[in-house]
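A short write-up of the structure that comes next.
Hydrogens, waters and symmetry mates are skipped; everything else that's a heavy atom, side chains included, is used. In this chain, numbering begins with 1 at the start of the sequence shown.
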Amino acid sequence: MAALGWNPLHIQVTLDGVPPVIAGAEGVPFRTAWVPDEDVGTYRPIMNAIVRHSDCQAIVVDMTRVPIWELVLNDPAVVIFPVRREVYEIETALIDYRDFDRYLRSKGFAPHPWTPPDKRHRPKFLMPVSWPKNMSDDHVAAKIAQHDPEPGTPLSFLMPGIPELPEDDLHDLINTTRFKCSQTIREAAVEIAQAAIKL
């Protein structure tokens with residue numbers, strides 16, 4: 001998003017005892033903040049971080065599996081569930097996806113186009129991560145749908161997702177105190193941002 005001219009804020013919700021990754025690095029080309037997940041009993045700490053960066057045009061909340069779904073009820077938001085290739089990871093992503101659906105319904109949100117805009121389901125997408133490049137979008141979607149706990153109910157996908165990235169590139173990005181993004185990762189990130197902005 002930064003490469004596309006937006007002014008994004010990336011908020012990382014960290015696991016207990018784990019320091020922030022991007023927010024702790026030097027030379028990051030976008031604004032960052034972090035919130036320890038032990039502080040996230042409600043969505044307030046995340047909202048406080050957003051308020052502190054009120055000049056940012058787009059907010060990306062990189063969350064652990066803590067369902068702070070209240071955060072998206074009163075704000076325009078897209079919820080993305082990354083889904084890797086291992087069966088247990090597919091099943092976990094689908095369970096979270098369907099749980100979020102049920103949560104929205106419990107709050108009176110509905111998927112129907114005749115529902116008032118403020119009571120429509122918030123958009124949610126499964127985003128494939130590290131699936132083989134030679135697999136078509138339809139093939140990836142079909143493989144994931146095989147494990148859906150609610151078969152027959154449509155799934156939404158954010159394509160093309162994140163490609164399989166070289167391990168050395170990922171180590172450069174994550175395991176240093178200075179932000180270092182390879183051209184491969186940069187191109188993948190821009191492609192995802194372009195897809196997300198259109199939603």
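Interatomic distance, CZ of Arg31 versus NE2 of His53, reported as 5.0 Å (0.5 Å rounding). Rounding to the nearest 0.5 Å gives a distance of 12.5 Å between SG of Cys56 and NE2 of His10. Here the straight-line distance linking atom CE of Met1 with atom CD of Gln194 works out to 11.0 Å at 0.5 Å rounding. Note that the CD atom of Glu187 and the CD1 atom of Ile192 stand 12.0 Å from one another [nearest 0.5 Å].
Glu164 meets the salt bridge (Lys or Arg N to Asp or Glu O under 4.0 Å) test with Arg85; sequence neighbours excluded. The side-chain contact (heavy atoms from CB on, under 4.5 Å) check on Pro19 picks up nothing, with sequence neighbours excluded. Residues satisfying the ring pair (Phe, Tyr, Trp, His ring centres under 6.0 Å) test with Phe157, not counting sequence neighbours, are none. By the ring pair (Phe, Tyr, Trp, His ring centres under 6.0 Å) test, Phe100 pairs with Trp69, sequence neighbours left out.
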Side-chain polar contacts of residues 147-156 - donor-acceptor pairs under 3.5 angstrom, sequence neighbours left out - could you list them?
{"from": "Asp148", "atom 1": "OD1", "to": "Arg98", "atom 2": "NE", "distance (Å)": "3.2"}
{"from": "Asp148", "atom 1": "OD1", "to": "Glu150", "atom 2": "N", "distance (Å)": "3.1"}
{"from": "Asp148", "atom 1": "OD2", "to": "Arg98", "atom 2": "NH2", "distance (Å)": "2.6"}
{"from": "Glu150", "atom 1": "OE2", "to": "Arg102", "atom 2": "NH1", "distance (Å)": "2.5"}
{"from": "Thr153", "atom 1": "OG1", "to": "Glu150", "atom 2": "O", "distance (Å)": "3.3"}

Step by step, work out the side chain to side chain contact (heavy atoms under 4.5 Å, CB included) result for Val13 and Asp62. CA-CA 6 Å; Val13 179; Asp62 181 1; over 6 Å; no
Trace of the side chain to side chain contact (heavy atoms under 4.5 Å, CB included) decision for Asn48 with Val35: CA-CA 10 Å; Asn48 291 341; Val35 178; over 6 Å; no
Leu126 and Ile144: CA distance, side-chain angles, deciding distance, side chain to side chain contact (heavy atoms under 4.5 Å, CB included) verdict: CA-CA 9 Å; Leu126 293 158; Ile144 293 171; 4.2 Å; yes
Evaluate side chain to side chain contact (heavy atoms under 4.5 Å, CB included) for Thr32 paired with Phe30, printing each intermediate quantity in order. CA-CA 6 Å; Thr32 63; Phe30 45 84; 3.9 Å; yes
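Note: the hydrophobic cluster containing Val61 does not contain Trp34 (ILVMFWY, side chain heavy atoms under 4.5 Å, direct or indirect links).
Between Val83 and Glu89, every side-chain heavy-atom pair lies at or beyond the 4.5 Å cut-off. You'll find the side chain of Ile22 reaches within 4.5 Å of the side chain of Phe179, heavy atoms only. For the pair Lys124 and Val78, the minimum side-chain heavy-atom distance is 4.5 Å or more. When side chains are defined from C-beta on, Arg84 does not count as touching Ile90, because their heavy atoms never get closer than 4.5 Å. Residues Trp131 and Lys143 have side chains in contact (heavy-atom distance under 4.5 Å, counting atoms from C-beta outward). Using a 4.5 Å cut-off on side-chain heavy atoms (C-beta onward), Val140 and Met159 make contact. Within the 4.5 Å cutoff, the side chain of Leu9 has no heavy atoms near those of the Val60 side chain.
When every heavy atom of Val129 is checked against every heavy atom of Pro82, the shortest pair comes out as CG2-CB, 3.9 Å. Across Ala195 and Leu158, no two heavy atoms sit closer than the pair CB-CD1, 3.7 Å. Residues Ala2 and Pro8 approach most closely at N-CG, 3.7 Å, considering heavy atoms. The two atoms that bring Thr14 and Pro36 nearest to each other are OG1-CA, 3.3 Å, heavy atoms only. Between Ala49 and Ala33, the closest heavy-atom pair is CB-CB, 4.3 Å. Shown here for Pro20 and Gln12, the closest heavy-atom pair between the two residues is CA-OE1, 3.4 Å.
The list of salt bridge (Lys or Arg N to Asp or Glu O under 4.0 Å) pairs with a residue in residues 127-140, not counting sequence neighbours, is empty.
Partner Phe81 forms a side chain to side chain contact (heavy atoms under 4.5 Å, CB included) with one of Leu94, Ile95, Asp96, Thr92 and no other, that one being Asp96.
Within 6.0 Å of CZ on Arg105 lie more than 12 heavy atoms contributed by other residues, nucleotides or ligands.
For Gln57 (side chain) and Asn7 (main-chain N/O), a donor-acceptor pair under 3.5 Å exists by modelled atom type.
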